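Because only heavy atoms are used, hydrogens play no part in the values below, and waters and symmetry mates are left out as well, while side chains stay in. Keep in mind the model is a prediction, meaning the values are calculated, not measured. Each chain gets a letter, A, B and so on, in the order the sequences are listed, and its residues count up from 1.
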Protein chains: 2
Amino acid sequence: MQPSFARQDETVPETVPETVAEPPSARQQAVLDAVLGLMVEEGDQLTMDAVARRASCSKETLYKWFGDRDGLLTATVRWQASRVHAGRYAPNALDVTALRESLQDFAATWLEVIASDTSVALNRLAIGHAGSRKSNLGGIVLANGRFAIGERVKPVLEAGRAAGLLAFDDTEAAFRTFIGLVGRDIQIRLLLGDALPLDAGEIRRDADRAVEQFLALYGRARTPTPPSREED
Amino acid sequence: MQPSFARQDETVPETVPETVAEPPSARQQAVLDAVLGLMVEEGDQLTMDAVARRASCSKETLYKWFGDRDGLLTATVRWQASRVHAGRYAPNALDVTALRESLQDFAATWLEVIASDTSVALNRLAIGHAGSRKSNLGGIVLANGRFAIGERVKPVLEAGRAAGLLAFDDTEAAFRTFIGLVGRDIQIRLLLGDALPLDAGEIRRDADRAVEQFLALYGRARTPTPPSREED
DNA sequence: GCAGTACCGTACCGTACGGTACGGCGCGTC
DNA sequence: GACGCGCCGTACCGTACGGTACGGTACTGC
């Protein structure tokens with residue numbers, strides 16, 4: 001019942017970590033990748049048998065490593081989160097152009113993430129589990145997704161304000177407006193199974209449009225509005 | 001196997017409708033309400049037994065009326081959708097004030113809906129089923145939620161444009177920006193189980209802020225910006 | 001009163017899936 | 001080369017749940 005992430009055949013002798021996550025070993029990562037793959041391809045049929053078969057390991061091992069099904073799913077969510085944590089958006093020299101590019105980069109990256117098969121499958125899973133008590137995958141997804149991203153973007157916004165480029169009181173509110181302008185109804189539609197084609201070009205345009213709209217709302221300096229707005 | 005919505009003890013003799021939905025009888029509506037209640041309260045444990053117990057009817061009846069579990073869920077989604085279809089937002093006399101109020105009404109109403117327990121539970125269910133093939137509840141929710149709402153709001157936007165109050169080329173794009181400004185990350189956070197307190201006052205303020213931001217982006221006439229923006 | 005019908009309650013069946021047990025194998029270590 | 005161990009593969013168990021069958025009851029039309 002006590003899931004452990006420490007492999008017994010490695011240095012660690014008998015630390016017996018509680019329920020918390022050590023970084024998974026290479027073999028364990030392969031298992032978690034199998035779970036992700038299965039999630040994306042099969043969606044619903046995420047059974048322990050299927051995972052064991054796909055990862056070429058025994059169910060007994062799964063239970064030894066991850067405790068139970070929820071432990072496996074939790075570890076999978078954490079694993080996926082750990083590999084998305086990349087990219088920093090804080091520019092050094094802060095003029096309007098740098099700020100704009102920084103925000104565009106963030107917006108495009110984030111759109112790519114939420115539009116990815118993996119993210120959609122993972123969010124579906126977490127949302128499905130959010131309805132019942134026990135082991136909130138939803139909380140983990142939120143903490144590593146939405147909230148983690150906020151903590152990386154807000155410094156950019158505040159730097160922009162410090163440089164006199166943006167005007168706002170509430171950083172959180174400004175960030176949420178930005179999130180709204182970037183994401184709009186994309187995520188919920190994808191989660192509900194809408195086709196919604198979203199290639200790289202579309203993402204780029206969406207990101208640019210959202211940043212221009214955000215600057216129009218929160219920009220202080222009269223920025224040289226670049227190429228073209230989406231409409232008009 | 002062939003679900004039918006026509007009660008046999010009513011006038012209809014032997015129409016045997018295919019798989020499509022007649023309006024459910026009062027008794028059937030009670031059953032569907034039981035499903036909704038169960039969905040909200042129990043989340044996951046939406047079993048046919050539980051529904052039958054709660055609705056004080058036999059499982060056999062459930063299967064006769066709705067065919068199978070998916071049929072029951074589909075009918076429930078349709079039933080809920082049918083009662084949300086209310087309210088029209090198209091004002092007659094179109095000046096800036098009327099347009100603003102119309103948009104505010106829409107925004108507040110929509111926020112109330114997506115923040116309701118029922119909507120959250122229903123969307124969770126539909127999203128959970130979107131992963132697997134067969135009987136896309138997701139499509140139904142989208143059609144009756146997001147898309148239906150769009151069809152009712154877009155005329156307002158276009159009327160605003162015709163009156164010279166708004167400026168945009170692509171109505172759909174303008175609408176999606178509006179949706180983004182109103183909803184921001186609220187729906188996904190609620191679906192993932194975030195607490196996110198959202199009382200009537202908060203909704204009102206959110207709606208007003210979103211409308212002001214939308215008018216700032218798309219408004220043509222220099223509107224007398226009312227009371228106060230959220231920040232600044 | 002009697003047949004037919006719509007329905008409730010409950011018992012029942014089959015299966016899928018979470019979780020466990022066990023035999024066998026490869027790879028250490030002594 | 002014998003032992004231990006971590007792991008694979010597979011067989012197995014218990015239960016929960018979708019779906020069906022059936023007896024009992026109330027109501028309707030004749």
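For A:Glu41, the side chain to side chain donor-acceptor pair (under 3.5 Å) partners two or more places apart in sequence, or in a different chain, are A:Arg54. For A:Glu202, the side chain to side chain donor-acceptor pair (under 3.5 Å) partners are A:Arg205, not counting sequence neighbours. Residues forming a salt bridge (Lys or Arg N to Asp or Glu O under 4.0 Å) with B:Arg189 (at least two apart in sequence, or on another chain): B:Asp185, B:Asp194. For A:Glu172, the salt bridge (Lys or Arg N to Asp or Glu O under 4.0 Å) criterion is met by A:Lys154, not counting sequence neighbours. Residues satisfying the salt bridge (Lys or Arg N to Asp or Glu O under 4.0 Å) test with B:Arg53, not counting sequence neighbours, are none.
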Please write out the pairs of protein N or O atoms and N or O atoms of nucleotides 22-29 of chain C separated by less than 3.5 Å, giving the distance to one decimal.
residue: C:dC22; atom: N4; partner: A:Glu60; partner atom: OE1; Å: 2.2
residue: C:dC22; atom: N4; partner: A:Glu60; partner atom: OE2; Å: 3.4

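Looking at which nucleotide of DNA chain C each of A:Leu46 and B:Cys57 is closest to, the 5′-most match is held by B:Cys57.
Relative to the side chain of B:Lys59, the nucleotides D:dG18, C:dG9, D:dA11 differ in distance, and D:dG18 lies closest. Listed nucleotides C:dC17, D:dG19, C:dG9 differ in distance to B:Asp68; the shortest reach to its side chain belongs to D:dG19. Taking the side chain of B:Lys64 as heavy atoms from C-beta on, and the options D:dC8, D:dT20, C:dC7, the nearest nucleotide is C:dC7.
Dashed line: the shortest gap from a side-chain N or O of A:Trp65 to OP1 or OP2 of D:dG6 is not under 4.0 Å. Taking only side-chain nitrogens and oxygens, A:Arg54 never comes nearer than 4.0 Å to OP1 or OP2 of D:dC8. Taking side-chain N and O atoms only, B:Thr61 has a distance below 4.0 Å to OP1 or OP2 of C:dC8. In this structure, A:Arg53 does not reach the C:dC17 phosphate: none of its side-chain N or O atoms is under 4.0 Å from OP1 or OP2.
The separation between A:Met48 atom CE and D:dT10 atom C1' is 16 Å, rounded to whole Å. Taking atom CG on A:Leu62 and atom P on C:dT20, their separation rounds to 12 Å, with Å as the unit.
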Could you walk me through whether A:Ser119 and A:Asn123 satisfy the side-chain hydrogen bond (donor to acceptor under 3.5 Å, both in side chains) test, starting with their C-alpha distance in whole Å, then the side-chain angles of each, then the deciding distance to 0.1 Å, before giving a yes or no? CA-CA 6 Å; A:Ser119 166; A:Asn123 274 277; 3.3 Å; yes
